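Numbering of residues begins at 1 and proceeds along the displayed sequence. What you see is a predicted model; the values in this text were computed from it and never measured.
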Amino acid sequence: MSELVIRAGRVVDPGRGIDRPADLVLRDGRVAGVEPPGTAAVGHGATVVDAAGGVVLPGLIDLHGHWWDASPYGVDPLASLKGGATCAVDAGTAGFGGFESFRRHVIERSPVRVLAYLHVAAAGLAASMVGELVDARYARPVETAEMIEAHRDVLVGVKVRIGSQACGTNTREALVAALDAAERARVPVMVHIADGADVPAVLRSLR
């Protein structure tokens with residue numbers, strides 16, 4: 001059995017209503033006790049960390065990143081750990097056409113938990129010089145919903161970028177397709193607002 005004692009940090013856990021100086025005891029990677037500072041018993045072979053003056057919190061969730069390096073926007077999900085995030089949510093880097101590669105090569109190999117929104121554009125964020133929905137035929141709500149259905153353990157919603165660079169003149173069509181996919185798959189939709197978006201129209205359309 002492994003044991004870790006983090007001493008005298010400010011332990012903050014909103015889910016349990018904790019915000020106070022304490023010793024945090026972990027055994028085999030799970031919280032085993034929250035004791036008054038300086039009082040936790042230390043077992044033989046335990047690792048002790050002095051956290052006085054620091055904050056100790058549960059792993060954070062990075063809600064918006066791009067974690068697939070097949071895209072020009074993608075970075076290594078391990079970057080999340082530098083900010084204390086142990087779960088990273090990919091904001092639509094992949095479309096249905098590349099998602100299974102993203103899952104196989106990044107999500108399943110990452111020590112950080114990775115969840116993802118699936119882009120309604122077939123290729124996702126494949127290039128920075130041409131928008132992914134400048135041609136409206138790339139918007140594929142049916143295939144997007146089917147891919148989400150097949151990977152519900154990691155796919156949590158539909159993503160779309162609304163703006164002239166991403167969509168050209170197809171901003172309305174792009175949003176309709178994303179909402180269609182989300183309704184079919186019964187998941188949320190995340191909209192990235194950019195230059196050229198009709199923001200009031202987007203807000204009226206969201207559920």
Side-chain angles (χ1 to χ4, degrees), residues 15 59-75 77 80 85-108 110 112-128 130-207:
L60 302 175
I61 299 172
D62 186 335
L63 184 60
H64 187 144
H66 294 286
W67 310 113
W68 186 29
D69 59 7
S71 163
Y73 304 100
V75 297
S80 299
T86 56
C87 178
V89 182
D90 185 89
T93 312
F96 83 90
F99 174 75
E100 290 180 326
S101 176
F102 175 34
R103 175 167 192 159
R104 189 165 54 250
H105 295 292
V106 177
I107 294 174
E108 292 179 357
S110 175
V112 177
R113 185 184 184 200
V114 179
L115 302 174
Y117 279 74
L118 189 66
H119 206 300
V120 73
L125 301 179
S128 58
V130 177
E132 63 271 18
L133 290 171
V134 168
D135 185 332
R137 292 174 296 179
Y138 285 121
R140 309 300 298 189
V142 174
E143 294 91 335
T144 299
E146 288 173 348
M147 186 62 68
I148 292 171
E149 189 64 50
H151 296 272
R152 283 198 177 274
D153 56 327
V154 293
L155 284 173
V156 296
V158 175
K159 174 68 181 291
V160 66
R161 295 197 305 165
I162 300 297
S164 53
Q165 192 278 329
C167 304
T169 60
N170 299 318
T171 54
R172 181 179 179 281
E173 291 85 350
L175 182 58
V176 168
L179 289 166
D180 183 9
E183 290 287 354
R184 290 171 184 269
R186 307 176 309 283
V187 294
V189 59
M190 178 190 288
V191 179
H192 172 126
I193 298 293
D195 290 346
D198 182 342
V199 178
V202 172
L203 295 176
R204 284 194 300 269
S205 298
L206 292 178
R207 300 165 300 166

For [X] against [Y], the heavy-atom pair lying closest together:
X    : Y    : value
G168 : V134 : N-CG2, 3.9 Å
A94  : G98  : CB-C, 4.4 Å
V106 : P77  : CG1-CG, 4.0 Å
A177 : P141 : O-CB, 3.4 Å
S128 : Q165 : O-NE2, 3.3 Å
F96  : L118 : N-CD1, 3.8 Å

- Item | N/O donor-acceptor pair under 3.5 Å between T93 side chain and H66 backbone |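 Not at all, since once roles are kept as given, no pair shorter than 3.5 Å links the two residues.
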- Message: Please check this pair: side chain of R161 against backbone of H119, looking for a donor-acceptor N/O pair closer than 3.5 Å.
- Response: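 Not confirmed, R161 side chain does not pair with H119 backbone.
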Could you grab the distance from atom [atom1] of [X] to atom [atom2] of [Y], nearest 0.5 Å is fine?
X    : Y    : atom1 : atom2 : answer
L203 : I193 : CG    : CD1   : 6.5 Å
E108 : F102 : CD    : CZ    : 11.0 Å
L133 : T169 : CG    : OG1   : 11.5 Å
L115 : L155 : CG    : CG    : 9.0 Å
S101 : I107 : OG    : CD1   : 10.0 Å
I162 : L175 : CD1   : CG    : 5.0 Å

Checklist line | NZ/NE/NH1/NH2 to OD/OE distance under 4.0 Å, R137 and E173 | finding: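 Not counted as a salt bridge, because no side-chain N and carboxylate O are separated by less than 4.0 Å.
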Could you tell me whether R103 and D90 have a side-chain N and a carboxylate O separated by less than 4.0 Å?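 No, this pair does not count.
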Are side-chain heavy atoms of [X] and [Y] found at a separation under 4.5 Å?
X    : Y    : result
K159 : H64  : yes
W67  : S110 : no
L206 : V189 : yes

By the definition side-chain contact (heavy atoms from CB on, under 4.5 Å), identify the one residue from T144, D180, L179 that meets it with V120.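 Only match with V120 under side-chain contact (heavy atoms from CB on, under 4.5 Å): T144.
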Check: Parallel, tilted or perpendicular for H151 and F99, by the 30°/60° rule?
Finding: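 Ring orientation, 0 to 90° scale: perpendicular.
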Partner residues of R140 under the side-chain hydrogen bond (donor to acceptor under 3.5 Å, both in side chains) criterion, sequence neighbours left out:
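In terms of side-chain hydrogen bond (donor to acceptor under 3.5 Å, both in side chains), with neighbours along the sequence ignored, R140 is linked to E143.
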Who passes salt bridge (Lys or Arg N to Asp or Glu O under 4.0 Å) against R172, sequence neighbours left out?
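Testing R172 for salt bridge (Lys or Arg N to Asp or Glu O under 4.0 Å), a comparison that skips the adjacent residues, returns none.
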- Look at atom CG of L60 and say whether more than 12 heavy atoms of other residues, nucleotides or ligands are closer to it than 6.0 Å.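 Yes, enclosed.
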- Task: Verify side chain to side chain contact (heavy atoms under 4.5 Å, CB included) between R184 and I148, making sure each step is shown before the conclusion.
- Result: CA-CA 10 Å; R184 290 171 184 269; I148 292 171; over 6 Å; no
Pairs touching residues 195-207 that satisfy salt bridge (Lys or Arg N to Asp or Glu O under 4.0 Å), sequence neighbours left out: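 Every salt bridge (Lys or Arg N to Asp or Glu O under 4.0 Å) pair that includes a residue of residues 195-207, provided the two are not neighbours, is E183-R207.
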